[in-house]
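In the text below, chain A, chain B and the rest are named by the order of the sequence lines, each starting its count at 1. Here the structure is a predicted model, which means the values were calculated and not measured.
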There are 2 protein chains.
Amino acid sequence: MQTSQRLDQQQATENRRRELLEAADRVVLRDGPEASMNAIAAEAGITKPILYRHFGDKSGLYRALAKRHTDALLDNLRTALDSRSARRDRVEATLDAYLTAIEARPQVYRFLMHPTEDADAEKGFDTRRYSAPLLRRLGEELAKIIAERLDLGPNGEELARVWGHGIVGMMHAAGDWWLAERPCERGQLVAHLADLLWGRLAAAGDVPGSPGF
Amino acid sequence: MQTSQRLDQQQATENRRRELLEAADRVVLRDGPEASMNAIAAEAGITKPILYRHFGDKSGLYRALAKRHTDALLDNLRTALDSRSARRDRVEATLDAYLTAIEARPQVYRFLMHPTEDADAEKGFDTRRYSAPLLRRLGEELAKIIAERLDLGPNGEELARVWGHGIVGMMHAAGDWWLAERPCERGQLVAHLADLLWGRLAAAGDVPGSPGF
DNA sequence: ACTGCGTGTTACCGTAAGTAACAAGCAGGT
DNA sequence: ACCTGCTTGTTACTTACGGTAACACGCAGT
């Protein structure tokens with residue numbers, strides 16, 4: 001009968017796809033995001049056209065690859081956010097989880113955050129096409145959580161989305177810089193960022209004689 | 001005499017360089033950051049090798065181009081930060097200046113924020129090579145201002161740097177998302193972000209029955 | 001006249017993305 | 001047995017881009 005046949009086939013190609021993604025992963029981890037399709041195909045023991053059949057084009061492959069890692073990272077962050085403790089502790093745990101992840105595997109992180117652009121550019125320039133997909137997704141995800149757990153009054157939906165993207169951006173930029181310069185311990189960075197979110201910027205005093213801030 | 005000669009010549013090549021940069025600017029504004037060296041050369045009415053003589057390689061040209069725009073943007077932000085008013089007003093003015101800039105010229109913004117990577121990758125992967133130069137520079141600049149104007153106690157230097165990069169990242173990510181989705185007016189976005197920096201996240205109440213945040 | 005230097009060219013190389021076009025294995029139906 | 005259709009795989013190609021070599025012109029100053 002052909003229906004279970006079809007299912008077998010479907011599963012087979014999905015397995016194949018998974019294998020290819022794992023090979024691509026190895027190459028990207030080794031060579032960075034600029035890995036060529038040829039190199040990836042070679043690692044998988046095959047040649048280019050098969051990759052193209054499975055993933056359409058390079059950005060397709062990279063999207064699939066990014067999804068895997070993003071899903072994994074999001075899981076980590078969610079469990080950190082769901083720990084049963086005070087809000088500040090949860091926020092710090094989440095920041096820490098993110099920083100731990102990018103510290104442990106900077107190549108993956110670089111790949112996710114600075115992807116090679118699609119560059120099809122269909123019509124003029126579509127701004128939404130040109131942003132790091134991980135950033136956006138994290139932002140939306142955080143926005144959802146904020147919106148459903150915090151009482152932000154009217155306009156809360158909008159506020160939550162702005163905050164979601166803003167916080168994720170803060171975390172990303174600070175993490176990026178920290179990873180490059182290593183100016184302090186991870187725990188320090190987490191504390192500093194939490195302080196910022198907790199309004200210490202607004203509360204700080206001016207330096208006497210300065211034009212003020 | 002050769003000394004004034006030398007000066008004339010030097011100025012001449014600098015003028016030429018400026019012309020080339022302006023041509024490159026036009027192309028990048030038209031075609032986006034993926035503009036080819038050929039296209040830029042054509043726009044300037046010349047051919048590739050001259051570009052390479054002036055700028056070394058593509059990333060050299062792009063660095064020069066980015067510097068112009070970054071300088072201009074930084075000027076705007078600085079004057080916004082220097083306005084004589086309450087801290088919150090100044091912060092909002094700065095956010096607004098940034099958002100106005102990226103709104104007015106999204107192509108420039110895209111070029112600055114999502115640059116094509118250097119990818120020489122000398123030794124393994126040097127993380128600091130792979131980040132948007134504008135973000136870093138803005139972060140450092142803001143850190144300097146924060147450090148010199150706010151009294152942050154011991155560790156203030158480090159705190160200021162973390163905050164500088166964090167705030168810039170927040171502004172960037174939120175702006176990026178806002179530019180793509182246009183979920184609200186600019187003024188709204190500014191207010192929301194300022195609220196976040198002013199600690200409203202910490203102060204908000206839990207939704208009753210939620211796992212908390 | 002010769003030298004030096006900056007401007008400009010054409011023609012080329014290497015590499016990478018992406019695409020035919022074709023070959024082989026393996027179901028199932030007749 | 002034979003054909004059909006589908007998936008997997010190949011080789012060989014095109015196109016485009018970054019970058020470079022080699023050469024030619026113009027134009028100061030000695």
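Atoms NE2 (B:H54) and P (D:dG18) sit 18 Å apart, rounded to a whole Å. A straight line from CD of A:E19 to C1' of D:dT8 spans 13 Å, rounded to a whole angstrom. For the pair B:F55 CZ and D:dT20 C1', the computed distance is 18 Å after rounding to whole Å. Between B:I50 atom CD1 and D:dT20 atom C1' the separation is 14 Å, expressed in whole Å.
Between the CD1 atom of B:I50 and the CZ atom of B:F55 there is a distance of 11.5 Å, given to the nearest 0.5 Å.
B:R30 and B:D25 are not joined by a salt bridge, as no carboxylate oxygen comes within less than 4.0 angstrom of a charged side-chain nitrogen. The pair A:R182-A:E103 meets the salt-bridge criterion, since a charged nitrogen lies less than 4.0 angstrom from a carboxylate oxygen. Salt-bridge formation is detected for the pair B:K67/B:D71: a Lys NZ or Arg NE/NH1/NH2 atom is positioned less than 4.0 Å from an Asp or Glu carboxylate oxygen. Here A:E140 does not pair with A:R137 in a salt bridge; the nearest charged N to carboxylate O distance is not below 4.0 Å.
Side-chain nitrogen and oxygen atoms of B:R17 include none within less than 4.0 Å of the OP1 or OP2 phosphate oxygen of C:dG6.
Judged by the 6.0 Å distance and 45° axis criteria, A:R186 is not positioned over the aromatic ring of A:W178.
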One character per nucleotide, please: for nucleotides 10-23 of chain C, 5' to 3', B when the base has a protein heavy atom closer than 4.0 Å, S when only the sugar-phosphate does, - otherwise. B-----SBBBB---
